[in-house]
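Input: a single structure, listed below in structure tokens.
Because the structure is a prediction, the values reported are computed rather than measured.
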Amino acid sequence: MNKAVLFFMLLLVGTAINAQTDAVKHYIEAYREIAVNEMIRTGVPAAITLAQGILESQAGQSQLCQQSNNHFGIKCKDEWTGPYVLHDDDKKNECFRVYPDAAASFKDHSDFLKNRPYYTNLFTLAPDDYKAWATGLKKDGYATERNYPQMLVKIIEDNNLQQYTILAMEKMKHPGRDMYAGNDNNEAVKDNKEVLPVDAVTEDNKSSNSGNIAGGEAVAEQNTQPVAVNHAEEEDNNDEGINTDTYPGGTFAINGTKVLYAKKGTSLLALASTHKISYKSLLDFNEIGGSDILNKDRLIYLEKKPKKGAKDFHVVSSSETIEDIAQKEGVRLESLMEYNALPKGSQPAAGTKIYLRAVQGASLKAHKA
């Protein structure tokens, strides 16, 4: 095959994959709140609703969805008296329901599962057991595709959809709370049965083994009580012991501040609701803005970071940004910029010594270690 033709074909495939990924992301952002509200109303897990919507409607791109707002491939059945459209599926020209908008489709999907007798067994399952729900849907006849459960599970796990089920469960426990509201007094959570979002920590760090955080010992916990990390015992001229890639599961502490390690795809809104913090405060604590969904694995602070670090300085490693250092050391970004006289938008070079507190008699310029 001509190399130019092969390159062009690979480019088209890559473009199609990226477009599909973007469509799924936009679909989740557009309909996650509806899915959460439907779970609260009927008990259908939000993760299952979103995964079925993504699969059945091709993330909103299918002809049936665009033609009739039918996100779940629900056929007319005998009881349907509303508008319909004929569409080829298992057979030619099958009757499918038409809805005025997406919200009506999501509502009918929940009612369809809740009110039809052969889906009764689904509602005896734990709402957060998405694998059992996926298997049950196939067993009870929702779809004829042999791999239907596996496809739903993959969509849920690839896109961290379980966090929306957890968010709905939290809202059901606290029905009066707005999704963006929270408790801004930042008291430590006293209930050690607090539910943490699934996938809020890396798979490798769900054990109770100890993690080495910035040179201090931190033991991963089975509950949500923070574990102190003693940075002060480190030697100021030794940054070699820092392991920034491995953190305990659940909550722990860096520089005396409550924090957790969240995976790419985690919803900050879900974290804020779970930890009884307002969404705005969570963004402020971590000095970030933009999308609710994390675009990379990162530390997320549940309290405001101190202005001073637990040690005097941090030596910059390769491709490490000033923002990374602020999170790793638990120090406010604006303070780091001030201590090191860094202009806005600038980044320190690898090997640079970044002061974590104002050092008496030292130049405020960042120094090579």
Side-chain angles (χ1 to χ4, degrees), residues 184 186 211-218 226 228-247 251-262 264 266 268 271-272 277-292 294-369:
D184 286 336
N186 302 318
N212 186 7
I213 312 294
E217 294 299 319
V229 180
N230 186 359
H231 293 267
E233 293 179 359
E234 295 175 359
E235 294 184 20
D236 284 346
N237 62 352
N238 181 12
D239 212 31
E240 297 294 322
I242 294 180
N243 181 351
T244 59
D245 298 322
T246 303
Y247 296 97
T251 55
F252 52 98
I254 294 177
N255 197 17
T257 309
K258 190 176 178 183
V259 64
L260 58 81
Y261 191 66
K264 175 182 178 180
T266 297
L268 293 175
L271 286 182
I277 303 167
S278 75
Y279 181 62
K280 181 180 183 301
S281 293
L282 190 67
L283 296 182
D284 288 344
F285 296 161
N286 294 278
E287 300 166 294
I288 54 178
S291 175
D292 163 44
L294 291 180
N295 60 9
K296 64 179 181 179
D297 297 354
R298 64 172 292 159
L299 290 161
I300 295 295
Y301 284 86
L302 305 176
E303 300 172 322
K304 195 166 188 176
K305 291 178 290 186
K307 292 182 178 180
K308 297 180 180 180
K311 57 183 182 179
D312 284 344
F313 63 82
H314 174 104
V315 177
V316 183
S317 60
S318 177
S319 68
E320 191 175 38
T321 67
I322 193 69
E323 290 81 9
D324 294 334
I325 297 168
Q327 293 298 97
K328 289 175 183 177
E329 297 291 349
V331 182
R332 295 182 204 174
L333 178 61
E334 61 182 16
S335 297
L336 291 186
M337 302 294 283
E338 178 184 342
Y339 300 152
N340 296 278
L342 291 172
K344 186 175 181 179
S346 64
Q347 295 294 346
T352 298
K353 184 185 294 184
I354 292 293
Y355 289 111
L356 305 178
R357 55 177 73 180
V359 180
Q360 290 270 342
S363 168
L364 288 181
K365 296 286 186 182
H367 288 280
K368 282 283 184 180

Identify the heavy atoms of [X] and [Y] that sit nearest to each other, and give their distance.
X      : Y      : value
Leu268 : Ile300 : CD2-CD1, 3.9 Å
Asn255 : Gly330 : ND2-O, 3.0 Å
Arg332 : Lys305 : NE-O, 2.5 Å
Glu303 : Gly256 : OE1-O, 4.2 Å
Ser278 : Ser281 : OG-OG, 2.8 Å
Thr257 : Tyr301 : CG2-CD2, 3.6 Å

Rounded at 0.5 Å granularity, tell me how far [atom1] in [X] sits from [atom2] in [Y].
X      : Y      : atom1 : atom2 : result
Leu271 : Leu294 : CG    : CG    : 7.0 Å
Tyr261 : Asp297 : OH    : CG    : 4.5 Å
Leu356 : Lys328 : CG    : NZ    : 12.5 Å
Arg298 : Asn286 : CZ    : CG    : 5.5 Å
Ile354 : Glu320 : CD1   : CD    : 9.0 Å
Leu260 : Ile254 : CG    : CD1   : 10.0 Å

(request) Describe, in one word, how the ring planes of Phe252 and Tyr247 are oriented to each other, choosing from parallel (under 30°), tilted (30 to 60°) and perpendicular (over 60°). (result)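 Phe252 vs Tyr247 ring planes: parallel.
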(request) Establish, from distance only, whether the side-chain atoms of Gln347 and Glu323 form a donor-acceptor pair under 3.5 Å. (result)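 Per modelled atom types, Gln347 and Glu323 side chains form a pair under 3.5 Å.
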(request) Decide yes or no for Leu282 and Leu302: does some side-chain heavy atom of the first lie under 4.5 Å from some side-chain heavy atom of the second? (result)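 Yes, at least one pair of side-chain atoms sits under 4.5 Å.
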(message) I'd like to know if Lys311 pairs up with Glu329 as an ion pair, taking the criterion as any Lys NZ or Arg NE/NH1/NH2 lying under 4.0 Å from an Asp or Glu carboxylate oxygen.
(response)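 Counted as a salt bridge, because a side-chain N and a carboxylate O are separated by less than 4.0 Å.
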(message) I'd like to know if Asp284 and Lys280 make a salt bridge, using a cut-off of under 4.0 Å between side-chain N and carboxylate O.
(response)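 Looking at Asp284 and Lys280, the cut-off is met.
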(message) I need the single residue from Ile322, Leu333, Leu336 that forms a side chain to side chain contact (heavy atoms under 4.5 Å, CB included) with Leu342. Which is it?
(response)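 Filter result, single survivor: Ile322.
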